[in-house]
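Below: the structure, in structure tokens.
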Amino acid sequence: MSQTAESGTLSNAEIADRLSSVAQMLTIEKANPYKIRAYRRAAALVRGLGESVDELVRNNDDLRVYAGIGEAISKAIREIVETGTLTSLEKLRSTATPELVELSAHPRLDPVRVLRVYKKLGISRIDHLRSALESGKIEHTFGPRMAQHVRHGLTEIESILLYHAHQLCDTIGTFLLNRTGADHAEPVGDYRRRVEIITRLDFLVQTRNFSAVVETMKTYGGRLRLIDSTATTATYSLPSGPLLCLERATKKDWGYALIRATGSDAHLRKLSRVTGSIWDGAAKSFRREEDFYKHFEMQFIPPELREGLDEVARSRRGTLPQLIAEQDIRGDLHTHTIASDGADSVEEMARTARELGYEYIGITDHSPSLKIANGQSVENLRVQIRKIDKLNLRLSGFRVLKSAEVDILADGTLDLPDDVLRELDYTVCSIHSRFAMNREQQTQRILRAMDNRYFTILGHATGRLLLKRPGYELDFERIIRHAKSLNCFFELNSSPDRLDLSAENARLAHAADIDIAISTDSHSTGEFRTIRYGLEQARRAGLQKRDVLNCRPLDALLKLLKQRR
DNA sequence: GCCGTTTTCGGCCCGACTGTTTTCAGTCG
């Protein structure tokens with residue numbers, strides 16, 4: 001990592017790297033963990049800013065307006081910008097071993113974990129770490145999470161989650177329009193199709209002077225590294241992880257360019273069988289996407305469906321689904337309150353849901369065995385049930401449903417006795433423990449849980465945490481068959497770190513004609529809006545209003561939820 | 001180190017379980 005910037009301006013990434021290095025070194029010193037976290041947070045913040053921190057410092061702007069930067073860190077950033085070095089970091093480095101100094105070039109690696117690997121495998125260098133990763137030795141010795149950590153730490157291009165890409169796209173889009181002189185800019189590619197993990201952000205840009213846009217874009221975030229450019233394209237490496245690709249398109253062929261740049265490759269292959277090669281210049285005069293589809297007598301294909309499945313054929317037949325939209329949602333069936341690990345009361349959650357225009361909300365606090373989430377005792381659940389009954393007497397035109405997020409225990413039994421389950425309107429049953437069970441055991445565990453007549457909805461079916469944890473192994477098709485035969489439902493958990501069911505699994509469940517609940521798993525009133533992320537994936541799965549439990553009016557919903565009783 | 005509608009100190013989520021790194025770190029929401 002170079003200590004001085006060639007251009008004299010430090011990029012946000014370079015400043016962030018130094019803050020991350022401080023955090024790494026402090027980790028080794030076993031310093032106050034909150035101090036370490038503060039440096040990490042500040043580094044992530046700086047890395048993600050569109051404005052140049054170098055410029056802010058030179059303009060004497062107060063960096064403390066940013067949450068997470070206070071007295072000490074703003075001083076440190078000032079020192080980095082003004083001198084190119086940071087005394088406290090140099091001091092920490094001077095006492096560090098050569099392995100650690102080498103590690104600090106990879107700020108995303110956790111030195112404590114890497115040192116454990118070094119010790120166990122008898123290595124001491126990054127290139128050895130890399131080969132241990134590639135040979136599978138790390139996964140074999142330390143498991144998948146460690147392997148994932150090392151892989152992330154060593155990879156230059158980092159993937160980001162879709163909801164982070166939303167923020168990033170806003171910042172970049174604004175920069176393109178306000179600073180670079182672009183006339184029009186629109187995000188395309190994986191992002192437009194709402195793929196849940198993004199490694200590349202693509203923008204289509206309309207401008208008279210593309211080279212000026214490419215040049216000005218280099219000043220994004222202080223300084224942005226241009227990897228490659230042609231007369232009509234430019235690729236940069238974003239400090240916050242993914243690649244940024246700009247592509248020029250003219251007003252005249254904007255619609256055509258949108259289709260091509262949105263992809264996916266598989267979709268375009270199928271599309272070109274209908275339209276002829278869409279790579280040759282001949283067809284290039286569609287201003288809007290709608291014009292293109294009209295010309296070929298096709299239905300407009302929403303970007304979320306462009307994955308090369310059956311969407312082209314259905315578009316030609318005019319049988320594309322009318323995808324679900326935000327206004328179709330009538331309630332939320334997975335929410336937590338202060339009774340377990342939520343931040344707000346039943347009343348507050350209900351009031352907010354009502355203000356959002358919902359007709360009902362299901363309260364699903366955790367069951368007793370999930371201690372860390374303050375799982376509610378049977379007695380307290382009964383108190384809550386009575387409280388909700390009373391509350392419902394006062395409400396008109398809105399209903400609070402009595403439920404619980406019931407743990408599926410290791411043996412497949414449910415974490416609450418039948419006599420209390422009976423009092424609930426429905427249940428969300430989820431796995432929160434023993435992720436390491438094998439595929440057969442895990443599948444059996446869920447099948448058995450479903451056999452309980454009070455099992456209603458399977459919560460976050462695979463337990464995955466995007467970019468963090470792969471989720472447990474399951475024979476999902478078998479679970480689908482079992483669910484169908486017993487009238488159980490699935491949840492599409494909208495939490496942006498989960499998105500579980502995945503669009504692919506939601507498609508499978510839908511193909512088996514199983515209704516899905518799109519739920520937020522809200523732990524506070526502010527989280528209801530995350531329904532947006534679940535809806536995006538539901539649209540990718542081709543779901544319509546009629547396929548989704550919480551699009552149904554209350555009476556119809558209750559009838560479905562109680563059909564097993 | 002940061003933060004503040006309990007603001008200049010004291011909290012920043014935490015507590016039980018798991019499993020092999022064998023004695024405590026990692027993990028679950």
Side-chain angles (χ1 to χ4, degrees), chain A residues 19-20 22-23 25-27 29-46 62-77 86 88-89 92 110 112-122 137-149 334-343 364-376 404-410 415 428-438 442 459-460 462-465 468-472 491 493-498 500 519-524 527 530:
Chain A
L19 297 175
S20 297
V22 173
M25 295 291 170
L26 289 173
T27 309
E29 304 230 315
K30 294 196 193 299
N32 177 354
Y34 297 108
K35 181 173 173 177
I36 298 169
R37 190 192 295 172
Y39 272 95
R40 289 227 171 93
R41 264 206 317 249
L45 173 83
V46 168
D62 190 355
L63 297 176
R64 290 175 303 174
V65 298
Y66 297 103
I69 297 182
E71 192 66 42
I73 293 184
S74 76
K75 245 187 188 162
I77 293 175
L86 181 59
S88 59
L89 177 59
L92 285 164
D110 171 8
V112 173
R113 300 178 79 179
V114 173
L115 288 183
R116 241 169 70 212
V117 176
Y118 278 5
K119 195 176 164 196
K120 178 84 180 172
L121 300 183
K137 214 166 170 181
I138 293 184
E139 168 136 21
H140 180 253
T141 317
F142 298 94
R145 291 197 77 149
M146 179 68 97
Q148 188 152 35
H149 172 72
H334 187 162
T335 68
H336 296 270
T337 75
I338 43 175
S340 64
D341 60 346
T364 52
D365 279 306
H366 288 289
S367 62
S369 78
L370 201 63
K371 308 276 187 219
I372 186 153
N374 191 27
Q376 198 169 209
E405 182 174 15
V406 188
D407 262 56
I408 299 174
L409 302 177
D415 190 30
V428 175
C429 303
S430 319
I431 285 183
H432 291 121
S433 61
R434 299 292 300 270
F435 280 37
M437 285 164 71
N438 70 35
Q442 207 70 272
H460 45 70
T462 73
R464 73 172 180 174
L465 288 181
K468 284 197 196 114
R469 183 175 78 196
Y472 33 81
E491 164 187 278
N493 190 295
S494 305
S495 164
D497 298 305
R498 291 189 182 272
D500 184 11
S519 304
T520 61
D521 203 349
S522 283
H523 285 69
S524 66
E527 285 171 47
T530 61

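The figures that follow rest on heavy atoms only: side chains count, while hydrogens, waters and symmetry mates do not. Remember, it's a predicted structure, so these values are computed and weren't measured experimentally. In what follows, chains carry the letters A, B, and so on, assigned in the order in which the sequence lines appear, proteins first and then strands, with residues in each chain numbered from 1.
With rounding to whole Å, A:H432 atom NE2 is found 18 Å from B:dA16 atom P. If you measure from atom CZ of A:F435 to atom P of B:dG29, you get 4 Å, rounded to the nearest angstrom. Taking atom NE2 on A:H366 and atom C1' on B:dG15, their separation rounds to 14 Å, with Å as the unit. As a whole-Å value, the separation of A:E405 CD from B:dC28 P is 15 Å. When the P atom of B:dA25 is taken as reference, atom NZ of A:K120 falls 16 Å away, rounded to whole Å. One can place NZ of A:K75 at 11 Å from P of B:dC2, the figure rounded to the nearest angstrom. Residue A:H523 contributes atom NE2, which lies 12 Å from atom C1' of B:dC28 at whole-angstrom precision. As rounded to whole Å, 15 Å separates atom C1' of B:dC28 from atom CG of A:D500.
Distances from the side chain of A:A38 to the nucleotides B:dG1, B:dT18, B:dG29 place B:dG1 closest. Minimum atom distance to the side chain of A:A72 is reached by B:dC2, of the listed B:dC3, B:dG29, B:dC2. Nearest to the side chain of A:Y34, among B:dC28, B:dC3, B:dC12, sits B:dC12. Each of B:dT18, B:dG29, B:dC3 was ranked by its minimum atom distance to the side chain of A:A67; first place goes to B:dC3. Residue A:N32 has its side chain nearest to B:dG1 when only B:dG1, B:dG29, B:dG19 are considered.
When atom types are taken as modelled, the side chain of A:D500 and the backbone of A:N493 share no donor-acceptor pair closer than 3.5 angstrom. Between the side chain of A:Q442 and the backbone N or O of A:T462, no donor-acceptor pair lies under 3.5 Å.
Counting only N and O atoms by type, the side chains of A:S369 and A:D415 include a donor and acceptor under 3.5 Å apart.
Straight-line distance between the P atoms of B:dC12 and B:dT6: roughly 15 Å, to the nearest whole Å. A gap of 23 Å separates the P atoms of B:dT5 and B:dG1, to the nearest Å. Using C1' as the reference atom, B:dC2 and B:dT8 are 13 Å apart when rounded to the nearest Å. Between the C1' atoms of B:dG26 and B:dT21, the separation comes to 11 Å (whole Å). Nucleotides B:dT20 and B:dT27 are separated by 14 Å at their C1' atoms, to the nearest Å. Spacing of P atoms, B:dC13 relative to B:dG4, comes out at 14 Å, to the nearest Å. The separation of B:dG11 from B:dA16, taken at their C1' atoms, amounts to 23 Å, rounded to a whole angstrom. Distance check on atom C1': B:dT22 versus B:dG29 gives 29 Å, rounded to whole Å.
Residue A:H336 is out of contact with every strand shown, counting any heavy-atom pair closer than 4.0 Å. Among the protein residues, A:R498 comes within range of the sugar-phosphate backbone only, with heavy atoms under 4.0 Å from sugar or phosphate atoms but none that close to a base. Heavy atoms of A:I73 sit under 4.0 angstrom from primed sugar atoms or phosphate atoms, though from no base atom. Among the atoms of the strands shown, none is found under 4.0 Å from any heavy atom of A:I36. Nucleic acid contact class of A:F142 (heavy atoms, under 4.0 Å, all strands): none.
The two residues A:S340 and A:D365 have their closest heavy-atom pair at OG-OD1, 2.6 Å.
Taking 4.0 angstrom as the limit, A:K371 places none of its side-chain polar atoms (N or O) nearer than this to OP1 or OP2 of B:dA16. Between A:R469 and B:dC28 there is a side-chain polar atom (N or O) within less than 4.0 angstrom of OP1 or OP2. At the phosphate of B:dC13, OP1 or OP2 sits under 4.0 Å from a side-chain N or O atom of A:R37. Considering only side-chain N and O atoms, A:R116 lies nowhere under 4.0 angstrom from the phosphate OP1 or OP2 of B:dC24. Regarding contacts with the backbone of B:dT21, every side-chain N or O of A:R113 stays at 4.0 angstrom or more from both OP1 and OP2.
Of all nucleotides present, only B:dC3 satisfies the Watson-Crick or G-U wobble test against B:dG10, with each distance under 3.5 Å.
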Inset, instruction - Evaluate the side-chain hydrogen bond (donor to acceptor under 3.5 Å, both in side chains) criterion for residues A:T520 and A:E527: first the C-alpha distance (whole Å), next the side-chain angles of each, then the deciding distance (0.1 Å), finally the verdict. - result: CA-CA 7 Å; A:T520 61; A:E527 285 171 47; over 6 Å; no
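Ring-plane geometry between A:H366 and A:H523 is classed as tilted, the angle between the planes lying from 30 to 60 degrees on a 0 to 90 degree scale. Using cut-offs of 30° and 60° for the angle between ring planes, the A:Y472 and A:F435 rings count as perpendicular.
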